[in-house]
Amino acid sequence: MPATLDRRQWLARAAQCAAMGSLPRWAWSNTALLQHNPFSLGVASGDPLSDGFVIWTRLTPVPGSAAHPASLPDIPWMGAQTVRWEVAEDESFRRISASGAASADPSFAHSVHVEVGGLQPGRWYFYRFMHADAVSPIGRTRTAPAPGEMPQRLRVVYASCQRWEHGFYCAWRHACADQPDLVLFLGDYIYEYASPAHPEGLARVHTLPLPRSLEDYRARYALHKSDPALQAAHAVAPWVVTWDDHEVQNDYTGNYGRDGMTADLLLMRTAAWQAFYEHMPLRASSLRHDGFHSLQLFRRIQWGRLARFHVLDARQYRDRQACRKPGSSSAAAVHPDKCPELLDPARSFLGYEQESWLTQGIADDAASRAFRWSVVAQQTLFSPRHYPSGTRSTDSWDGYPAARDRLIRAIDRTPPRNTVFLGGDIHQNYVCNIEAVNARAVDGKSSRVIASEFCGTSITSRSGTTQAKVDAVRRINPHVLLARCEERGYGLCDITPQRWRATLRAITDPLDPQSAAYDLAGFTVEDRRAGPQPG
């Protein structure tokens, strides 16, 4: 084993190995000598608490190729398997902090979700799994600070939307090098589409069909998780994950899919939800045993007194898009004059249980004054986006204006010290002022800003629009400070008690697996001053 590496050296080595298409060689131990590596999907950690976190892996039962992950069968393999695990203070595992054994159940694709506790707050740890003679890659993760502590720094990567064909995951290679403390993934971890018939202009293709069954969705996750840069990003820091629509079907909402509410959709959705749980570092308590394997994904993550993250689920509970025609492949933009349903105040984007939970959490943040930054981590653009045509998107918050107004009024009524929204989904970078309802002056200038928003572009997925059209939208939306559609990448937030610094990181060429990255723009939110400022 090598001598102990410090934090920067460890991250540099992990990023270098990801760039070469592999994880650190020293992390594999004697697994490399085996004919079959049962840890071919890597490791992950998530949902940190002040005394622990979740660590995850999934055994792959028979040999499979990273290039053809669909060859990994999902039939039961010798029943449940025992997987040993260790958590240590050092990557050489000389100072073991916790260890044990877990069962890899075939009914959950031999995935393992270990909830480690009893650790020290605010510390980095290393972890690994063992099965027979095989040793997994080494992951690196950390506990959250103690509840009463005020950390002086938190670095967060936020990202979403990683369609396989539209680019290589080089953004994750650069995210590793940025040394995050926490990764927020805001949806569309997989895409359900089959690869286009013509591969021109694509980074890569696959042979998987449109998923319908649990086995189909498991194969899709195995495809995405075969990517070494994504594996490295999971192994470099704890993740907090939520989903959007492509984990099931494009633009599905609650019980409704492309063809409305059908038995086929409900069965497919159940399979997709289970596969999501099987492949994410989630706690067992997130899995609701209600016959549908639904997941409780809205939750809170606390980072001492520096930040509290309200993580949302904007798919499972919301009302169907207004005026959507059955059989349509996606939700369309509509004009309010031709779609009165759009303005129905009874419609909810989050479902009323989650709305109430979020409103109460915001009020608690304001009343307790315990948190410097209240963060709403959700799927899409929250701010209004008015188009020159007068139409509105029905699949974003624009399609649920009454629900958005309710949340804005809740923040305005009991304002936390600082409120920041993070989003994804639209494959574009937006930076916005969130204004109080009816607070716009006659001259078009904002009269009162109550929160800040950073909506990130995609890891790889194309935007489907042009910069000229986005510029036209920005011109009639003065609360939009930046709008870009031509870049792919992620957001990087450096959070201190005094300020929130957001850097929009962009990839030079997503079709090049060795692509460079650059800073597209930077914005700062000062403590007690709502609204991002350039620079």
Side-chain angles (χ1 to χ4, degrees), residues 1-18 20 22-60 81-104 110-145 176-177 179-183 225 228-239 281 283:
M1 288 290 184
T4 300
L5 304 174
D6 66 22
R7 179 173 183 251
R8 187 175 297 275
Q9 290 172 320
W10 192 94
L11 286 157
R13 180 174 293 192
Q16 180 183 30
C17 291
M20 296 187 297
S22 65
L23 288 170
R25 186 174 300 278
W26 47 265
W28 289 91
S29 186
N30 53 1
T31 302
L33 304 177
L34 302 177
Q35 286 187 332
H36 167 53
N37 166 29
F39 299 108
S40 62
L41 301 185
V43 300
S45 68
D47 281 16
L49 299 174
S50 60
D51 69 341
F53 35 70
V54 179
I55 56 174
W56 170 94
T57 194
R58 177 192 164 193
L59 299 179
T60 51
Q81 299 291 301
T82 298
V83 177
R84 292 167 289 130
W85 57 270
E86 294 177 333
V87 173
E89 296 178 15
D90 62 308
E91 80 283 356
S92 298
F93 286 82
R94 295 191 179 97
R95 301 190 299 278
I96 303 295
S97 299
S99 63
S103 178
H110 293 98
S111 62
V112 176
H113 302 73
V114 177
E115 299 182 26
V116 184
L119 303 178
Q120 295 299 309
R123 292 196 56 175
W124 287 97
Y125 290 92
F126 297 86
Y127 63 96
R128 66 183 177 185
F129 298 90
M130 290 80 72
H131 176 66
D133 293 329
V135 181
S136 75
I138 293 173
R140 179 176 175 275
T141 190
R142 62 166 300 163
T143 52
C176 287
Q179 306 179 33
D181 298 295
L182 190 68
V183 175
K225 283 183 168 289
L230 179 56
Q231 288 192 17
H234 271 297
V236 85
W239 283 43
R283 297 182 182 275

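Keep in mind it's a predicted model, so treat the numbers as computed, not measured. FYI, side chains are in, hydrogens and waters are out, and symmetry mates aren't considered; it's all heavy atoms of this structure. In this chain, numbering begins with 1 at the start of the sequence shown.
- When all heavy atoms are compared, the tightest approach of P145 to S50 is O-CB, 3.4 Å.
- None of F126, Y127, W239 except one satisfies the side-chain contact (heavy atoms from CB on, under 4.5 Å) rule with T141; the exception is Y127.
- A search for side chain to side chain donor-acceptor pair (under 3.5 Å) contacts involving Q120 returns nothing, not counting sequence neighbours.
- Between L182 and P48, the shortest heavy-atom distance links the atoms CD1-CG, 3.9 Å.
- Rounding to the nearest 0.5 Å gives a distance of 6.0 Å between OG1 of T60 and CG of N37.
- Contact detail for P180 and A237: the closest heavy-atom pair is O-CB, 3.5 Å.
- When every heavy atom of H234 is checked against every heavy atom of V43, the shortest pair comes out as CB-O, 3.4 Å.
- The CH2 atom of W85 sits 13.0 Å away from atom CZ of R128, with the distance rounded to the nearest 0.5 Å.
- Here the shortest heavy-atom pairing between P238 and S45 reads CA-OG, 3.3 Å.
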Does the pair S136 and T57 meet the rule for a side chain to side chain donor-acceptor pair (under 3.5 Å), with working shown? CA-CA 9 Å; S136 75; T57 194; 5.9 Å; no
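- Residue I96 holds its CD1 atom at 7.5 Å from CG of D90, rounded to the nearest 0.5 Å.
- Taken to the nearest 0.5 Å, the CD1 atom of I55 stands 4.0 Å off from the CZ atom of F129.
- E89 is linked by a salt bridge (charged side-chain N to carboxylate O under 4.0 Å, His left out) to R95, R123, counting only residues two or more places apart in sequence or in another chain.
- In this structure, S40 OG and Q231 CD are separated by 7.5 Å, a value rounded to the nearest 0.5 Å.
- The minimum heavy-atom distance between E115 and V54, with the atom names listed, is CG-CG2, 4.2 Å.
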